[in-house]
Each structure stands twice: as C-alpha cells, then as structure tokens.
Amino acid sequence: MRADLILETLEQVSERCADPAQLVYRHLFSATPNLEALFLMDTDGGVRGSMLQTCLTCILGLIDGSPTPRFIISAARMDHPAYGVREDEFDLMFVAIRDTVRDLLGAGWTPAADAAWTSLLEEIAAIV
C-alpha cells in the first residue's frame, strides 16, 4: 500500500512537471540556505541532477524492498560531512523531494499519501 501510494504520487508529478529538480532544490535551499553554497561549482546543474536521481532511485528501491538503497544511503550519510553537510541536514534532500511532490499535487495530496511519505522519511532517517 505504501509503495503504491508513493509510486502513484511520483507518477502524477512526472505528468505535471518534466523536471522537478529546480523545485526540489528551491525547497532544500529554503530550508537550509547554507547548503546552496556547496553547489557553487555545479554551474550546469549536473551534480544536483545526479544527486536527485540517486535519491529518487533510492526511494524507488526502498519501496520495492531492495536492500541496495540502504547501502547507498548509509555510505552517502558517512561521506557527506566531508562536503560540509551536517548529520542533521542529510535527510533534508528527501524531505525536499516529498515537499515538492506535495506542492505539485496540491489538492491531490491526500492524508494517505502524507502518511506513506512520512513513513518513508522515517525509514530513511533510521538508516545509518
């Protein structure tokens, strides 16, 4: 059920917005402005795009029950402090994705979708 709800919301977003990257990063940088400076060298958006793609791949893998995203998230959680990302900031990218999905769905964002995404974010936060 959770997987179906999350997948459905992502599919709806893809129908409404071909590339939500700018919206996701707007959420991320609004929540934590200091993170924007970490992307100064990313003049073509390639790093941001790759990071978003990795996060979406992890989300899809987690809802599908794959163990691989846990390794990816765990490794990234350990690597990101070297880039200047504090431990309490790491999960904010996933939160920004959820917030972007919620905003793009507007009235289509349901309590069930909110519960599914909240559960997913809790699962991601528990990966160490």
Side-chain angles (χ1 to χ4, degrees):
M1 173 97 167
R2 178 182 89 162
D4 293 336
L5 286 167
I6 292 171
L7 191 56
E8 181 180 317
T9 62
L10 291 172
E11 288 171 351
Q12 290 174 5
V13 163
S14 72
E15 294 168 2
R16 297 173 189 203
C17 182
D19 183 4
Q22 287 185 335
L23 300 172
V24 170
Y25 283 98
R26 186 175 306 143
H27 272 286
L28 180 64
F29 299 150
S30 291
T32 315
N34 64 295
L35 294 180
E36 190 168 9
L38 302 178
F39 293 90
L40 287 177
M41 301 292 287
D42 183 27
T43 57
D44 66 356
V47 172
R48 281 172 280 203
S50 176
M51 193 167 104
L52 178 57
Q53 181 62 43
T54 298
C55 290
L56 290 171
T57 298
C58 286
I59 288 169
L60 294 173
L62 285 170
I63 66 171
D64 197 35
S66 171
T68 304
R70 295 185 169 286
F71 297 114
I72 294 169
I73 292 169
S74 180
R77 193 179 295 282
M78 287 187 289
D79 290 344
H80 275 63
Y83 298 119
V85 178
R86 296 188 323 258
E87 184 177 330
D88 64 313
E89 296 172 329
F90 179 82
D91 295 325
L92 294 178
M93 180 64 175
F94 293 100
V95 172
I97 293 169
R98 186 269 322 263
D99 291 350
T100 301
V101 170
R102 182 195 62 216
D103 289 356
L104 286 169
L105 294 186
W109 182 257
T110 65
D114 189 64
W117 276 91
T118 297
S119 171
L120 175 68
L121 292 175
E122 289 170 352
E123 180 180 352
I124 290 169
I127 298 170
V128 291

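Every heavy atom of this structure was used, including side-chain atoms; hydrogens, water molecules and symmetry mates were not. In this chain, numbering begins with 1 at the start of the sequence shown.
Separation of atoms CZ (Arg48) and CZ (Phe29) is listed at 6.0 Å; rounding is to 0.5 Å. Rounded to the nearest 0.5 angstrom, Arg102 CZ and Leu104 CG are separated by 10.5 Å. Annotation: the span from Leu60 atom CG to Ile6 atom CD1 amounts to 9.5 Å, rounded to 0.5 Å. To the nearest 0.5 angstrom, Leu28 atom CG is 9.5 Å from Leu38 atom CG. In this structure, CG in Leu105 is found 10.5 Å from OG1 in Thr100, a value given to the nearest 0.5 Å. Here the OG1-CG distance, from Thr32 to Leu92, works out to 4.5 Å after rounding to the nearest 0.5 Å.
Among the candidates Leu120, Leu121, Asp114, the single residue satisfying the side-chain contact (heavy atoms from CB on, under 4.5 Å) test with Thr118 is Asp114. Remark: of the listed residues Leu5, Ile97, Asp99, Ile97 is the sole one forming a side-chain contact (heavy atoms from CB on, under 4.5 Å) with Trp117.
Residues in residues 12-25 take part in these side chain to side chain donor-acceptor pair (under 3.5 Å) pairs, two or more places apart or across chains: Glu8-Gln12.
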Are Ile59 and Leu10 close enough, and set up right, to give a side-chain contact (heavy atoms from CB on, under 4.5 Å), and what steps lead you there? CA-CA 10 Å; Ile59 288 169; Leu10 291 172; 4.3 Å; yes
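Considering all non-hydrogen atoms of both residues, Leu35 and Glu89 come closest at CD2-OE1, 3.6 Å. Nearest heavy-atom pair, Ala96 versus His27, reported as atom, atom and distance to 0.1 Å: CB-CB, 3.8 Å. In terms of heavy atoms, Val24 sits closest to Met93 at CG1-CE, 3.8 Å.
The aromatic rings of His80 and Tyr83 sit perpendicular to each other, their planes meeting at more than 60°, with 30° as the lower class boundary.
A distance-only check finds no donor-acceptor pair linking the side chain of Arg77 to the backbone of Phe90 [under 3.5 Å].
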Could you tabulate the donor-acceptor pairs under 3.5 Å formed by side-chain atoms of residues 65-75, not counting sequence neighbours?
from  : atom 1 : to     : atom 2 : distance (Å)
Ser66 : OG     : Thr68  : N      : 3.2
Arg70 : NH2    : Glu123 : OE2    : 2.7
Ser74 : OG     : Val128 : O      : 2.7

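Side-chain heavy atoms closer than 4.5 Å link hydrophobic residues (I, L, V, M, F, W, Y) into clusters, and following such links, even through other members, never connects Ile124 to Met78.
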